[in-house]
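Read through the structure below, which is laid out as C-alpha coordinates, and then see the notes.
Proteins get letters first, then strands, A, B, ... in listed order; numbering begins at 1 in each. These values consider heavy atoms only, across backbone and side chains, with no hydrogens, waters or symmetry-generated copies. This one's a predicted model, so the numbers in the text were calculated from it and none came from an experiment.
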Protein chains: 2
Amino acid sequence: MAKPTKANTPITEHLAYLLAQANREINRQLELRLSKEGVPVEQWRILKVLSDGNGHSMGELAEAVLLNHPTLTKMIDRMVSDTLVYRLQDPNDRRKVLMFISDRGKVLCKKLNSLAVDQEEHILESYGDKSTSELKRLLESLIDSSN
Amino acid sequence: MAKPTKANTPITEHLAYLLAQANREINRQLELRLSKEGVPVEQWRILKVLSDGNGHSMGELAEAVLLNHPTLTKMIDRMVSDTLVYRLQDPNDRRKVLMFISDRGKVLCKKLNSLAVDQEEHILESYGDKSTSELKRLLESLIDSSN
DNA sequence: CTTCAATTGTTGAACTTTCAATATTTTCAA
DNA sequence: TTGAAAATATTGAAAGTTCAACAATTGAAG
(Lines give C-alpha, C1' and ligand atoms only; values in the text may rest on other atoms or scores of the structure.)
Protein backbone atom coordinates (compact mmCIF):
# COMPACT_ATOMS: atom_id res chain seq x y z
CA MET A 1 0.00 0.00 0.00
CA ALA A 2 1.19 3.49 -0.84
CA LYS A 3 2.57 5.71 1.86
CA PRO A 4 -0.03 8.30 2.84
CA THR A 5 1.11 11.83 1.96
CA LYS A 6 -0.26 15.32 1.64
CA ALA A 7 0.72 15.42 -2.00
CA ASN A 8 -2.74 14.68 -3.37
CA THR A 9 -4.45 17.15 -1.13
CA PRO A 10 -7.04 19.09 -3.12
CA ILE A 11 -5.96 22.60 -3.79
CA THR A 12 -8.80 23.98 -1.71
CA GLU A 13 -7.11 22.68 1.43
CA HIS A 14 -3.86 24.52 0.95
CA LEU A 15 -3.44 27.57 3.13
CA ALA A 16 -1.97 29.50 0.21
CA TYR A 17 -5.08 28.84 -1.82
CA LEU A 18 -7.54 29.71 0.93
CA LEU A 19 -5.73 32.98 1.51
CA ALA A 20 -5.77 33.80 -2.18
CA GLN A 21 -9.45 32.97 -2.44
CA ALA A 22 -10.48 34.98 0.60
CA ASN A 23 -8.32 37.88 -0.44
CA ARG A 24 -9.77 37.85 -3.93
CA GLU A 25 -13.32 37.88 -2.66
CA ILE A 26 -12.89 40.58 -0.02
CA ASN A 27 -10.82 42.67 -2.36
CA ARG A 28 -13.45 42.41 -5.05
CA GLN A 29 -16.08 43.70 -2.66
CA LEU A 30 -13.92 46.59 -1.60
CA GLU A 31 -13.00 47.40 -5.19
CA LEU A 32 -16.68 47.52 -6.06
CA ARG A 33 -17.36 50.13 -3.41
CA LEU A 34 -14.32 52.25 -4.11
CA SER A 35 -15.15 52.24 -7.80
CA LYS A 36 -17.94 54.64 -6.89
CA GLU A 37 -15.13 57.19 -6.61
CA GLY A 38 -13.16 55.67 -9.46
CA VAL A 39 -10.20 54.78 -7.27
CA PRO A 40 -8.31 51.49 -7.13
CA VAL A 41 -7.74 49.85 -3.76
CA GLU A 42 -4.01 50.59 -3.88
CA GLN A 43 -4.62 54.31 -4.18
CA TRP A 44 -6.85 54.21 -1.17
CA ARG A 45 -4.05 52.53 0.76
CA ILE A 46 -1.59 55.17 -0.35
CA LEU A 47 -3.88 58.02 0.63
CA LYS A 48 -4.57 56.40 3.97
CA VAL A 49 -0.91 55.97 4.81
CA LEU A 50 -0.14 59.54 3.76
CA SER A 51 -3.09 60.97 5.62
CA ASP A 52 -1.04 61.18 8.80
CA GLY A 53 0.24 64.37 7.17
CA ASN A 54 3.87 63.32 7.30
CA GLY A 55 6.22 62.78 4.41
CA HIS A 56 6.84 59.14 3.50
CA SER A 57 9.64 57.92 1.28
CA MET A 58 8.85 55.77 -1.72
CA GLY A 59 10.49 52.74 -0.18
CA GLU A 60 8.57 53.07 3.05
CA LEU A 61 5.36 53.60 1.13
CA ALA A 62 5.91 50.65 -1.19
CA GLU A 63 6.33 48.40 1.81
CA ALA A 64 3.26 49.79 3.54
CA VAL A 65 0.91 49.56 0.58
CA LEU A 66 2.13 46.17 -0.64
CA LEU A 67 3.40 47.32 -4.03
CA ASN A 68 6.84 46.85 -5.44
CA HIS A 69 8.95 49.79 -6.25
CA PRO A 70 8.46 50.50 -9.94
CA THR A 71 4.74 49.84 -9.73
CA LEU A 72 4.43 52.39 -6.96
CA THR A 73 6.45 54.97 -8.89
CA LYS A 74 4.06 54.74 -11.79
CA MET A 75 0.94 54.77 -9.67
CA ILE A 76 2.23 57.84 -7.87
CA ASP A 77 2.82 59.47 -11.27
CA ARG A 78 -0.89 59.08 -11.96
CA MET A 79 -1.88 60.38 -8.55
CA VAL A 80 0.35 63.40 -8.98
CA SER A 81 -1.40 64.10 -12.28
CA ASP A 82 -4.69 63.93 -10.42
CA THR A 83 -3.21 66.25 -7.76
CA LEU A 84 -4.00 63.83 -4.98
CA VAL A 85 -0.41 63.73 -3.73
CA TYR A 86 2.85 65.53 -4.36
CA ARG A 87 6.57 64.83 -4.19
CA LEU A 88 9.29 66.69 -2.30
CA GLN A 89 12.94 65.80 -2.15
CA ASP A 90 14.04 64.78 1.34
CA PRO A 91 16.38 67.54 2.53
CA ASN A 92 18.17 65.14 4.89
CA ASP A 93 18.87 62.46 2.33
CA ARG A 94 18.70 63.61 -1.22
CA ARG A 95 18.38 60.11 -2.60
CA LYS A 96 14.93 60.00 -1.11
CA VAL A 97 11.66 61.45 -2.27
CA LEU A 98 9.04 62.28 0.31
CA MET A 99 5.39 61.89 -0.60
CA PHE A 100 2.67 64.07 0.85
CA ILE A 101 -1.09 64.08 0.56
CA SER A 102 -2.77 67.16 -0.93
CA ASP A 103 -5.94 68.83 0.29
CA ARG A 104 -7.82 67.25 -2.56
CA GLY A 105 -6.34 63.91 -1.54
CA LYS A 106 -7.55 64.40 2.02
CA VAL A 107 -11.09 65.09 0.89
CA LEU A 108 -11.12 62.03 -1.32
CA CYS A 109 -9.58 59.88 1.41
CA LYS A 110 -12.41 60.73 3.78
CA LYS A 111 -15.00 59.56 1.27
CA LEU A 112 -13.06 56.39 0.62
CA ASN A 113 -12.72 55.68 4.32
CA SER A 114 -16.43 55.68 4.78
CA LEU A 115 -16.91 53.35 1.83
CA ALA A 116 -14.36 51.00 3.37
CA VAL A 117 -16.00 51.20 6.77
CA ASP A 118 -19.27 50.27 5.09
CA GLN A 119 -17.65 47.14 3.88
CA GLU A 120 -16.14 46.19 7.21
CA GLU A 121 -19.56 46.58 8.77
CA HIS A 122 -21.09 44.42 6.11
CA ILE A 123 -18.55 41.73 6.86
CA LEU A 124 -19.17 42.01 10.58
CA GLU A 125 -22.87 41.43 9.96
CA SER A 126 -22.60 38.32 7.86
CA TYR A 127 -19.47 36.84 9.36
CA GLY A 128 -19.78 37.85 12.97
CA ASP A 129 -17.88 39.95 15.44
CA LYS A 130 -16.09 37.10 17.08
CA SER A 131 -14.91 35.35 13.91
CA THR A 132 -13.70 38.62 12.46
CA SER A 133 -11.51 39.59 15.37
CA GLU A 134 -10.21 36.06 15.74
CA LEU A 135 -9.35 35.96 12.05
CA LYS A 136 -7.55 39.28 12.27
CA ARG A 137 -5.55 38.04 15.22
CA LEU A 138 -4.51 34.88 13.42
CA LEU A 139 -3.55 36.76 10.27
CA GLU A 140 -1.39 39.18 12.21
CA SER A 141 0.36 36.35 13.92
CA LEU A 142 0.88 34.49 10.65
CA ILE A 143 2.50 37.57 9.18
CA ASP A 144 4.71 37.96 12.25
CA SER A 145 5.79 34.36 12.12
CA SER A 146 6.79 34.77 8.47
CA ASN A 147 9.56 37.29 9.16
CA MET B 1 -15.85 66.47 20.94
CA ALA B 2 -15.89 64.53 17.71
CA LYS B 3 -17.93 61.37 17.43
CA PRO B 4 -15.65 58.33 17.64
CA THR B 5 -15.64 56.40 14.38
CA LYS B 6 -13.69 53.68 12.66
CA ALA B 7 -12.83 56.07 9.84
CA ASN B 8 -9.34 56.85 11.10
CA THR B 9 -8.47 53.26 11.75
CA PRO B 10 -4.94 52.58 10.54
CA ILE B 11 -4.91 50.54 7.39
CA THR B 12 -3.17 47.69 9.16
CA GLU B 13 -6.32 47.00 11.13
CA HIS B 14 -8.58 46.48 8.14
CA LEU B 15 -9.40 42.88 7.37
CA ALA B 16 -8.96 43.53 3.65
CA TYR B 17 -5.42 44.75 4.27
CA LEU B 18 -4.43 41.91 6.58
CA LEU B 19 -5.66 39.41 4.04
CA ALA B 20 -3.75 41.11 1.25
CA GLN B 21 -0.60 41.22 3.35
CA ALA B 22 -0.77 37.59 4.44
CA ASN B 23 -1.62 36.46 0.96
CA ARG B 24 1.27 38.41 -0.50
CA GLU B 25 3.74 36.93 1.93
CA ILE B 26 2.62 33.32 1.67
CA ASN B 27 2.32 33.61 -2.07
CA ARG B 28 5.80 35.01 -2.34
CA GLN B 29 7.19 32.04 -0.44
CA LEU B 30 5.35 29.58 -2.63
CA GLU B 31 6.39 31.39 -5.80
CA LEU B 32 9.98 31.17 -4.68
CA ARG B 33 9.80 27.41 -4.37
CA LEU B 34 7.87 26.81 -7.56
CA SER B 35 10.33 29.00 -9.45
CA LYS B 36 12.75 26.08 -9.09
CA GLU B 37 10.64 24.49 -11.85
CA GLY B 38 10.02 27.80 -13.57
CA VAL B 39 6.28 27.63 -13.03
CA PRO B 40 3.98 30.38 -11.78
CA VAL B 41 1.61 29.60 -8.93
CA GLU B 42 -1.43 29.82 -11.21
CA GLN B 43 -0.09 27.09 -13.46
CA TRP B 44 0.40 24.84 -10.49
CA ARG B 45 -3.23 25.43 -9.55
CA ILE B 46 -4.36 24.59 -13.06
CA LEU B 47 -2.35 21.39 -13.17
CA LYS B 48 -3.60 20.40 -9.76
CA VAL B 49 -7.24 20.89 -10.69
CA LEU B 50 -6.79 18.99 -13.95
CA SER B 51 -4.87 16.19 -12.31
CA ASP B 52 -8.12 14.43 -11.45
CA GLY B 53 -7.89 13.29 -15.07
CA ASN B 54 -11.27 14.68 -16.03
CA GLY B 55 -11.99 17.34 -18.59
CA HIS B 56 -12.76 20.77 -17.16
CA SER B 57 -14.34 23.61 -19.07
CA MET B 58 -12.62 26.96 -19.20
CA GLY B 59 -15.31 28.59 -17.10
CA GLU B 60 -15.12 25.97 -14.41
CA LEU B 61 -11.35 26.17 -14.43
CA ALA B 62 -11.26 29.94 -14.27
CA GLU B 63 -13.43 29.85 -11.18
CA ALA B 64 -11.35 27.14 -9.54
CA VAL B 65 -7.97 28.72 -10.13
CA LEU B 66 -9.05 32.27 -9.32
CA LEU B 67 -8.32 33.77 -12.71
CA ASN B 68 -10.70 35.66 -14.89
CA HIS B 69 -11.62 34.37 -18.24
CA PRO B 70 -9.32 36.06 -20.75
CA THR B 71 -6.35 35.70 -18.46
CA LEU B 72 -6.92 31.99 -18.22
CA THR B 73 -7.30 31.63 -21.99
CA LYS B 74 -3.88 33.18 -22.52
CA MET B 75 -2.23 31.23 -19.74
CA ILE B 76 -3.64 28.02 -21.19
CA ASP B 77 -2.24 29.04 -24.59
CA ARG B 78 1.21 29.08 -23.03
CA MET B 79 0.68 25.76 -21.26
CA VAL B 80 -0.51 24.17 -24.50
CA SER B 81 2.69 25.39 -26.15
CA ASP B 82 4.61 23.73 -23.34
CA THR B 83 2.50 20.59 -23.86
CA LEU B 84 1.44 20.51 -20.24
CA VAL B 85 -2.27 20.49 -21.08
CA TYR B 86 -4.47 20.13 -24.15
CA ARG B 87 -7.88 21.25 -25.35
CA LEU B 88 -10.77 19.17 -26.65
CA GLN B 89 -14.15 20.40 -27.71
CA ASP B 90 -16.93 19.20 -25.45
CA PRO B 91 -19.03 16.81 -27.53
CA ASN B 92 -22.12 17.48 -25.42
CA ASP B 93 -22.00 21.25 -25.67
CA ARG B 94 -19.93 22.53 -28.50
CA ARG B 95 -19.63 25.99 -27.01
CA LYS B 96 -17.40 24.50 -24.38
CA VAL B 97 -13.76 23.54 -24.45
CA LEU B 98 -12.58 20.80 -22.13
CA MET B 99 -9.09 21.00 -20.73
CA PHE B 100 -7.02 17.93 -19.94
CA ILE B 101 -3.64 17.40 -18.35
CA SER B 102 -0.95 15.69 -20.42
CA ASP B 103 1.53 13.10 -19.22
CA ARG B 104 4.22 15.72 -19.11
CA GLY B 105 1.85 17.86 -17.06
CA LYS B 106 1.31 15.04 -14.60
CA VAL B 107 5.02 14.56 -14.08
CA LEU B 108 5.54 18.25 -13.51
CA CYS B 109 2.54 18.44 -11.18
CA LYS B 110 4.04 15.80 -8.93
CA LYS B 111 7.25 17.77 -8.53
CA LEU B 112 5.30 20.94 -7.85
CA ASN B 113 3.15 19.22 -5.26
CA SER B 114 6.13 18.23 -3.24
CA LEU B 115 7.53 21.76 -3.37
CA ALA B 116 4.19 23.04 -2.13
CA VAL B 117 4.04 20.45 0.63
CA ASP B 118 7.48 21.60 1.69
CA GLN B 119 6.10 25.04 2.17
CA GLU B 120 3.06 23.93 4.12
CA GLU B 121 5.34 22.02 6.44
CA HIS B 122 7.53 25.04 6.86
CA ILE B 123 4.50 27.09 7.85
CA LEU B 124 3.35 24.42 10.27
CA GLU B 125 6.72 24.57 11.97
CA SER B 126 6.92 28.28 12.51
CA TYR B 127 3.23 29.04 12.92
CA GLY B 128 2.00 25.94 14.66
CA ASP B 129 -0.41 23.14 13.96
CA LYS B 130 -3.25 24.58 15.93
CA SER B 131 -3.12 28.11 14.52
CA THR B 132 -2.88 26.78 10.99
CA SER B 133 -5.96 24.61 11.15
CA GLU B 134 -7.90 27.27 12.99
CA LEU B 135 -6.93 29.84 10.37
CA LYS B 136 -7.98 27.53 7.57
CA ARG B 137 -11.31 26.96 9.24
CA LEU B 138 -11.95 30.69 9.63
CA LEU B 139 -10.96 31.43 6.05
CA GLU B 140 -13.30 28.79 4.71
CA SER B 141 -16.13 30.16 6.73
CA LEU B 142 -15.38 33.73 5.63
CA ILE B 143 -15.54 32.61 2.02
CA ASP B 144 -18.81 30.79 2.65
CA SER B 145 -20.35 33.79 4.32
CA SER B 146 -19.42 35.95 1.32
CA ASN B 147 -21.68 34.12 -1.11
C1' DC C 1 -39.98 25.59 -36.16
C1' DT C 2 -37.89 30.03 -35.92
C1' DT C 3 -36.02 33.73 -33.86
C1' DC C 4 -34.09 36.14 -30.01
C1' DA C 5 -31.68 35.99 -25.71
C1' DA C 6 -28.21 33.72 -22.93
C1' DT C 7 -23.96 31.08 -22.45
C1' DT C 8 -19.25 30.05 -23.52
C1' DG C 9 -14.82 31.07 -25.09
C1' DT C 10 -11.43 33.95 -27.73
C1' DT C 11 -9.34 38.16 -29.57
C1' DG C 12 -7.22 42.86 -30.04
C1' DA C 13 -6.33 47.18 -28.02
C1' DA C 14 -5.35 49.66 -23.94
C1' DC C 15 -3.45 49.61 -19.74
C1' DT C 16 -0.53 47.84 -15.85
C1' DT C 17 3.12 45.39 -13.87
C1' DT C 18 7.66 43.56 -13.79
C1' DC C 19 12.58 42.97 -14.77
C1' DA C 20 16.90 44.77 -15.64
C1' DA C 21 19.53 48.70 -16.26
C1' DT C 22 20.49 53.43 -14.93
C1' DA C 23 21.29 57.70 -12.27
C1' DT C 24 21.97 59.91 -8.07
C1' DT C 25 23.32 60.34 -3.38
C1' DT C 26 25.18 58.55 0.82
C1' DT C 27 28.17 55.56 3.62
C1' DC C 28 32.28 53.72 5.00
C1' DA C 29 36.75 51.66 4.87
C1' DA C 30 41.44 52.38 3.59
C1' DT D 1 39.79 62.39 1.65
C1' DT D 2 38.93 59.41 -1.82
C1' DG D 3 37.01 55.62 -4.10
C1' DA D 4 34.20 51.53 -3.92
C1' DA D 5 29.94 49.68 -2.26
C1' DA D 6 25.23 50.31 -0.75
C1' DA D 7 20.82 52.59 -0.80
C1' DT D 8 17.14 55.01 -3.17
C1' DA D 9 14.20 56.09 -6.93
C1' DT D 10 13.13 56.13 -11.90
C1' DT D 11 12.97 54.47 -16.68
C1' DG D 12 12.21 51.65 -20.94
C1' DA D 13 11.27 47.33 -22.88
C1' DA D 14 8.96 43.06 -22.32
C1' DA D 15 5.39 40.51 -20.45
C1' DG D 16 0.97 40.07 -18.45
C1' DT D 17 -3.80 41.46 -17.45
C1' DT D 18 -8.16 43.56 -18.41
C1' DC D 19 -12.03 45.53 -20.94
C1' DA D 20 -15.09 45.50 -24.54
C1' DA D 21 -16.37 43.50 -28.70
C1' DC D 22 -16.96 39.38 -31.23
C1' DA D 23 -18.11 34.56 -32.82
C1' DA D 24 -20.19 30.30 -32.09
C1' DT D 25 -23.55 27.41 -29.95
C1' DT D 26 -27.46 26.42 -27.16
C1' DG D 27 -31.92 27.31 -24.93
C1' DA D 28 -36.50 28.75 -24.87
C1' DA D 29 -40.59 31.47 -25.88
C1' DG D 30 -43.91 32.51 -29.11
Query raised in the report: Is there a donor and acceptor pair closer than 3.5 Å between the side chain of A:K96 and the base of C:dT26?
Result: no

Requested in this report: Taking only the side-chain nitrogens and oxygens of B:R78, find out if one of them lies under 4.0 Å from OP1 or OP2 of D:dA15.
Outcome: no

Query - Selected nucleotide, minimal atom distance to B:P70 side chain, candidates D:dC19, C:dT17, D:dG16 - result: D:dC19

Query raised in the report: Taking the nucleotide of DNA chain D with the closest heavy atom to each, which residue, B:L67 or A:V97, is nearer the 5' end?
Result: A:V97

Query - Distance in angstrom units between A:E60 CD and D:dA7 C1', rounded - result: 15 Å

Report task. Check whether any side-chain heavy atom of A:F100 sits under 4.5 Å from a side-chain heavy atom of A:L98, and report yes or no. Result -> yes

Query raised in the report: Roughly, in whole Å, what's the span from CG in B:D77 to P in D:dT17?
Result: 12 Å

Query raised in the report: Please give, in whole Å, the distance from D:dA24 P to B:M58 CE?
Result: 18 Å

Query raised in the report: Do the side chain of B:R94 and the base of D:dT25 come within less than 3.5 angstrom through a donor-acceptor pair of N or O atoms?
Result: no

**Report entry** A:E60 side chain near A:E63 side chain, heavy-atom distance below 4.5 Å
**Finding:** no

Report summary line: The nucleotide from D:dT17, D:dT25, C:dT18 with an atom nearest the side chain of B:D93 is D:dT25

Report task. Could you tell me the separation between the CG atom of B:N92 and the P atom of C:dG9, rounded to a whole number of Å? Result -> 14 Å

Report summary line: The nucleotide from C:dT24, D:dT17, C:dT18 with an atom nearest the side chain of A:R95 is C:dT24

Requested in this report: Specify the separation, in whole Å, of atom NZ of A:K74 and atom P of D:dA9.
Outcome: 16 Å

Requested in this report: Choose from C:dT25, D:dA9, D:dT25 the nucleotide whose nearest atom is closest to any side-chain atom of A:S57.
Outcome: D:dA9

Requested in this report: To the nearest Å, give me how far apart CG (A:L66) and P (C:dT18) are.
Outcome: 12 Å

Query raised in the report: Below 4.5 Å, heavy atoms only, C-beta onward: do B:M99 and B:I76 meet side chain to side chain?
Result: yes

Requested in this report: In whole angstrom, give the distance that lies between atom CG of B:L61 and atom P of C:dT10.
Outcome: 11 Å

Query raised in the report: Taking it one step at a time, do A:D77 and A:K74 satisfy salt bridge (charged side-chain N to carboxylate O under 4.0 Å, His left out)?
Result: CA-CA 5 Å; A:D77 286 346; A:K74 284 156 192 176; over 6 Å; no

Query - Closest to the A:T73 side chain, choosing from D:dT18, C:dT18, D:dT10 - result: D:dT10

Query raised in the report: Atom NE2 of A:H69 and atom P of C:dT17: how far apart are they, to the nearest Å?
Result: 15 Å

Query - Heavy-atom side-chain contact between B:K96 and B:D93 under 4.5 Å - result: yes

